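Taking it in order: structure first as structure tokens, then the write-up.
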There are 2 protein chains.
Amino acid sequence: MATLDLSPISDVFRHQGYNGASLSMIAEAVGLKRASLYHRFPGGKQEMAEAVLADVREYFLINVVGPLHSNESPADRLIQAIDGIRIFYRDGRKSCLIDVLSLGEPAALFRPYISELIAAWTDAMTVVSRDSGHTEVRARQLAEESLIRIQGALVVSRSMMASDVFTRVLDSLPDHLLA
Amino acid sequence: MATLDLSPISDVFRHQGYNGASLSMIAEAVGLKRASLYHRFPGGKQEMAEAVLADVREYFLINVVGPLHSNESPADRLIQAIDGIRIFYRDGRKSCLIDVLSLGEPAALFRPYISELIAAWTDAMTVVSRDSGHTEVRARQLAEESLIRIQGALVVSRSMMASDVFTRVLDSLPDHLLA
DNA sequence: GTCTATAGCTTGATAGAC
DNA sequence: GTCTATCAAGCTATAGAC
């Protein structure tokens with residue numbers, strides 16, 4: 001087998017949280033036995049979560065942060081980034097790793113990864129907002145506000161099983177973020 | 001002993017999530033042994049979470065929903081509700097039960113409680129927004145938006161250990177919600 | 001590189017003394 | 001009403017056959 005597809009593991013963590021995700025669940029999701037996971041991830045569960053976070057980081061850099069830095073028009077850049085976000089969260093049906101991995105005692109292990117991810121995301125949204133005509137300070141405010149709205153929409157969508165909340169927030173992003 | 005103070009249990013759930021909260025942690029937090037918890041909560045862990053949710057519901061009805069329905073000015077009502085919210089979330093340092101209890105397989109057990117809580121909260125914010133001059137439809141949009149911003153701010157605050165994000169969102173609520 | 005088997009521990013929950 | 005003692009089941013992780 002080549003390199004392992006991490007998305008089933010990601011799904012387990014996102015649905016169950018770090019504590020709730022057992023190696024049995026993960027093993028079943030990837031189609032291996034528990035012990036075999038230790039061949040791929042000698043560091044155990046923690047290493048699996050770190051691998052998933054690295055995977056998510058790569059996805060965001062390519063599909064969200066990258067487009068936001070391109071040389072197209074701010075509106076076109078944002079539309080591409082929104083597509084990347086929509087796909088990652090499956091229209092609001094999948095939780096955010098940032099959210100679920102910041103719970104409990106193990107959260108401290110992942111805080112550095114998560115902080116960097118949030119910073120890169122916020123910076124990229126700041127750039128596109130500023131390029132659309134806002135001042136640097138205002139652009140930063142709007143970018144932070146956008147991140148908050150996305151994360152909040154994910155929580156509310158999940159709690160109420162109403163993913164249209166998330167879709168609506170994503171659709172309104174251009175109006176909020178661009179001048 | 002009279003009736004048990006539920007806030008230590010609430011804190012454990014909010015910090016660890018439902019799966020991450022073990023009876024050992026809860027017992028230590030309340031100062032009892034594991035077995036003694038079953039005298040207060042024969043239904044075990046699930047009953048503890050339900051009791052905490054009922055407690056939270058009562059707090060919100062008294063300190064958030066109630067003030068929003070009073071006969072004072074919309075601005076004064078909202079200020080009181082914001083105080084209730086700020087205290088409940090300890091300036092953003094405590095997570096939201098709505099968030100942490102909607103993770104994993106046990107989430108289905110709590111969905112009815114959580115949905116009702118969110119609905120009552122959103123309705124109350126809709127009332128105060130409408131009373132300030134907005135149309136019913138617009139008021140509802142703004143109320144939903146406010147809930148999203150609060151929940152998002154809690155997630156971002158927790159992830160980045162920056163509780164000022166939460167404080168800023170709460171402070172901006174009157175401008176967002178009232179006409 | 002995947003498996004079976006198992007060690008050692010913690011979990012949620014129960015029984016029964018006081 | 002709280003405790004000690006205990007249970008079966010689940011957990012993470014390891015050892016070693018193939």
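Quick caveat: nothing in here was measured; it's all calculated off a predicted structure. Below, read A as the first sequence line, B as the second, and so on, with proteins coming before strands; counting in each chain starts at 1.
Computed from coordinates, the A:F41 CZ to C:dT2 C1' distance equals 15 Å when rounded to whole Å. Rounded to whole Å, atom P of D:dC3 lies 15 Å from atom OH of B:Y38. Nucleotide D:dG10 holds its C1' atom 14 Å from the CG atom of B:L23, rounded to whole Å. At whole-Å resolution of the value, CG in B:N19 and P in D:dG10 are 14 Å apart. Rounded to an integer number of Å, the gap from CD of A:Q46 to P of D:dC11 is 19 Å. Taking atom CD of residue B:E105 and atom P of nucleotide C:dT11, one finds them 20 Å apart after rounding to whole Å.
Within the structure, a side-chain polar atom (N or O) of B:K45 is placed less than 4.0 Å from OP1 or OP2 of C:dG12. Between A:S36 and C:dC3 there is a side-chain polar atom (N or O) within less than 4.0 angstrom of OP1 or OP2. Distances shown here put a side-chain N or O of A:S24 below 4.0 Å from the OP1 or OP2 atom of D:dC11.
Here the nucleotide nearest the side chain of A:S22, chosen from D:dC11, C:dA5, C:dA13, is D:dC11. Side chain of A:K33, nearest nucleotide from C:dT4, C:dT2, D:dT4: C:dT4. With distances taken from any side-chain atom of B:R34 to the nucleotides C:dA13, C:dG1, C:dC3, the minimum falls on C:dA13. Distances were taken from every side-chain heavy atom of A:A35 (C-beta onward) to each of D:dT14, D:dG1, C:dT14; the shortest belongs to D:dT14.
A side-chain N or O of B:S24 and one of B:R34 form a donor-acceptor pair less than 3.5 Å apart. For the residue pair B:R14 / B:S95, no side-chain donor-acceptor distance below 3.5 Å is found, with atom types taken as modelled.
Heavy atoms of A:A27 sit nowhere under 4.0 angstrom from any nucleic acid atom.
Between B:Y18 and B:F13, the angle of the ring planes stays under 30°, which puts this pair in the parallel group of the 30/60° scheme.
The side-chain heavy atoms of B:R111 and A:M161, taken from C-beta on, include a pair separated by under 4.5 Å.
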